[in-house]
2 protein chains.
Amino acid sequence: MDSRKNTEMEILRAAKKIFIQHGYAGARMQAIADEAKINKAMLHYYYRSKDALFEKIMDGAVDLMSKQLLNALSGDASVMEKVEKMVSNYTDTIIKNPYIPIFILNEIARNQMNFQNKLQQKLEQNNVFQNFLLQVLEEQQKGILRPISVPHFMITIMSLIVFPHIAKPVFLKIFEMTDTAYMHMMEERKQLVMDFLGKSLVL
Amino acid sequence: MDSRKNTEMEILRAAKKIFIQHGYAGARMQAIADEAKINKAMLHYYYRSKDALFEKIMDGAVDLMSKQLLNALSGDASVMEKVEKMVSNYTDTIIKNPYIPIFILNEIARNQMNFQNKLQQKLEQNNVFQNFLLQVLEEQQKGILRPISVPHFMITIMSLIVFPHIAKPVFLKIFEMTDTAYMHMMEERKQLVMDFLGKSLVL
DNA sequence: CAAAAGTTTAACCACCTGGTCAAAATAGTT
DNA sequence: AACTATTTTGACCAGGTGGTTAAACTTTTG
């Protein structure tokens, strides 16, 4: 029983690694099996198909990211306090799980409808996200936040959080940085992004 | 002679479409041939291999983007004037060529070293980019710009420009927008981003 | 301990893939 | 019109791919 769990987890770890490197279409079941040090037929025994395996990992990513989002945005804090929590949570989560942005973007390209449905589903499980959007509007009406359309508001925040991770190899090269220095900069960025947003979004 | 050019271009158009939809590994030469309404062997006659075809398109993307960048950043204008030009140029270019961010990100995942080398090569063809980075430092020392590290400075700007295009399907769903409305918002964003950057980066 | 249940294996499969190649077709030149 | 050059075609290829299957092996159960 314990051994089964270990085998399942090992397959997931290996699959995640290979899918990250090669994308869904480029990932080979044999390569995943090799990485997990198992026989390829076992992939099908445990996860039935390549697609099922990928979906499992994808579900994990969407789950984790939406949880972080909803966790940050729920409760009675002010909008900017929630945004700060969101910046911090997302940055930490991505640093610990660097595969996630890449996965999500590949999935967007590969199977847009599927991803959209997954995401929508997660956001609709409760009213947290909708309430947050309404709260943004409310604080704009109260003169706390600048009257920027809500999509612009959210897109700006997400841009600043996520893109630096996605484009990491580009920036590593352009600025001739080490991986360590870049990750250090991502930590700094938590504060920097809040500073930026404070100046840009708050009246 | 004219006919040869047309066939080449038609193959490129078709290949771009299929590579966008499916990525490098998922794209099928037969599908490209079908899209171009030609015999599959012709792909090899004109472009020799799948890889060569992909590289051709990739080179075009890197070329176009680096040209836009260098064009915006060259000359005697102030940093923020150059940034404004960059925001505008990049936004227009991506709107006209929406495949580019997706391509570049796929290439980063697929073949990071190759991409980095291509980019480095383009940026090193002249001193424009380096001069711009020095100019940022200079204006910071003069008290015109806030003293933010140059990588943070550039990452912030690129994040605001590029990410909204990459994550378009996500935002389309979250905010239940039409494609047209989103593209309209991207136009608005030129001015909005400059507004944000003005508030945050300028003293 | 034997039987049942669960896991792993290696061989196999139909189909797909990027690419090859010689012949046919078309275009260009004299 | 004949010849040459270029383009297009369709058949073919070796190797790869995700998946299947029955047998062997291991673990669990009573």
Side-chain angles (χ1 to χ4, degrees), chain A residues 1-61 99 103 106-107 109-111 114-115, chain B residues 1-61 99 103 106-107 109-111 114-115:
Chain A
M1 197 56 183
D2 234 4
S3 163
R4 176 188 182 109
K5 266 302 181 193
N6 285 345
T7 306
E8 285 182 0
M9 296 309 292
E10 182 60 12
I11 293 175
L12 283 179
R13 182 201 64 79
K16 195 184 296 178
K17 182 173 176 182
I18 301 298
F19 280 133
I20 291 175
Q21 285 175 350
H22 302 286
Y24 177 82
R28 296 292 171 256
M29 295 299 263
Q30 188 60 59
I32 294 170
D34 290 342
E35 174 64 31
K37 296 182 167 63
I38 58 166
N39 182 287
K40 178 162 73 77
M42 283 167 70
L43 298 177
H44 302 276
Y45 177 76
Y46 282 94
Y47 289 101
R48 260 203 44 248
S49 68
K50 184 180 185 178
D51 202 61
L53 187 50
F54 187 81
E55 285 294 306
K56 183 78 175 179
I57 296 167
M58 191 69 244
D59 285 346
Y99 75 94
F103 248 72
N106 279 334
E107 183 70 354
R110 191 182 75 95
N111 192 347
N114 188 36
F115 178 73
Chain B
M1 198 55 177
D2 234 8
S3 164
R4 175 188 182 109
K5 267 302 182 193
N6 284 345
T7 305
E8 286 181 359
M9 296 309 291
E10 183 58 13
I11 292 174
L12 283 179
R13 183 201 63 79
K16 195 183 296 179
K17 182 174 176 181
I18 301 300
F19 281 133
I20 290 175
Q21 285 175 350
H22 302 288
Y24 177 82
R28 296 293 173 257
M29 295 298 264
Q30 187 60 59
I32 294 169
D34 291 342
E35 174 65 31
K37 296 183 168 64
I38 57 167
N39 181 290
K40 178 163 71 77
M42 283 167 70
L43 298 177
H44 302 276
Y45 177 75
Y46 283 92
Y47 290 100
R48 259 203 44 246
S49 69
K50 184 181 186 181
D51 202 60
L53 187 52
F54 186 81
E55 285 294 307
K56 183 77 176 181
I57 296 167
M58 192 70 242
D59 285 346
Y99 75 95
F103 248 72
N106 278 334
E107 184 69 356
R110 192 182 74 95
N111 192 347
N114 186 38
F115 178 73

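Note that this is a predicted model, so its numbers are computed, not measured. Order of the sequence lines sets the chain letters (A, B, ...), proteins ahead of strands, with each chain counted from 1.
Every salt bridge (charged side-chain N to carboxylate O under 4.0 Å, His left out) that A:Glu8 has, sequence neighbours left out, goes to A:Arg4, A:Lys5. Shown here are the side chain to side chain donor-acceptor pair (under 3.5 Å) partners of B:Asn39, two or more places apart in sequence or in another chain: there are none. A search for side-chain contact (heavy atoms from CB on, under 4.5 Å) contacts involving B:Ala61 returns B:Met58, B:Tyr99, B:Ile100, not counting sequence neighbours.
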N/O donor-acceptor pairs under 3.5 Å from side chains in residues 9-18 of chain A, not counting sequence neighbours:
{"residue": "A:Glu10", "atom": "OE1", "partner": "A:Arg13", "partner atom": "NE", "Å": "3.2"}
{"residue": "A:Glu10", "atom": "OE2", "partner": "A:Arg13", "partner atom": "NE", "Å": "3.3"}
{"residue": "A:Glu10", "atom": "OE2", "partner": "A:Arg13", "partner atom": "NH2", "Å": "2.7"}
{"residue": "A:Arg13", "atom": "NH1", "partner": "A:Glu35", "partner atom": "OE2", "Å": "3.1"}
{"residue": "A:Arg13", "atom": "NH2", "partner": "A:Glu35", "partner atom": "O", "Å": "3.4"}
{"residue": "A:Arg13", "atom": "NH2", "partner": "A:Glu35", "partner atom": "OE2", "Å": "3.2"}

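To the nearest 0.5 Å, atom CG of residue B:Asp34 and atom CE of residue B:Met29 are 12.0 Å apart.
Contact of the B:Phe19 side chain with the B:Leu53 side chain is registered, since non-hydrogen atoms from C-beta on lie closer than 4.5 Å.
Of the residues in residues 42-52 of chain A, A:His44, A:Ser49, A:Lys50 come within less than 4.0 Å of DNA chain D through at least one heavy atom, sorted by number. Annotation: proximity of residues 14-21 of chain A to DNA chain D (heavy atom, distance under 4.0 Å) is found for no residue. Looking at residues 27-41 of chain B, you'll see B:Asn39, B:Ala41 sit with a heavy atom under 4.0 Å from some atom of DNA chain D.
The distance from atom CD1 of A:Ile11 to atom P of C:dT7 is 11 Å, rounded to the nearest whole Å. Regarding B:Asn6, its CG atom lies at a distance of 14 Å from the C1' atom of D:dT7, rounded to whole Å.
In this structure, B:Phe103 has its ring center closer than 6.0 angstrom to the ring center of B:Phe54.
Of all non-hydrogen atoms in A:Met42 and A:Thr7, the two that sit nearest each other are CE-CG2, 3.8 Å.
Within the structure, side chain to side chain donor-acceptor pair (under 3.5 Å) contacts touching residues 47-57 of chain A (residues at least two apart or in different chains) are A:Tyr24-A:Asp51, A:Glu55-A:Asn114, A:Glu55-A:Lys118.
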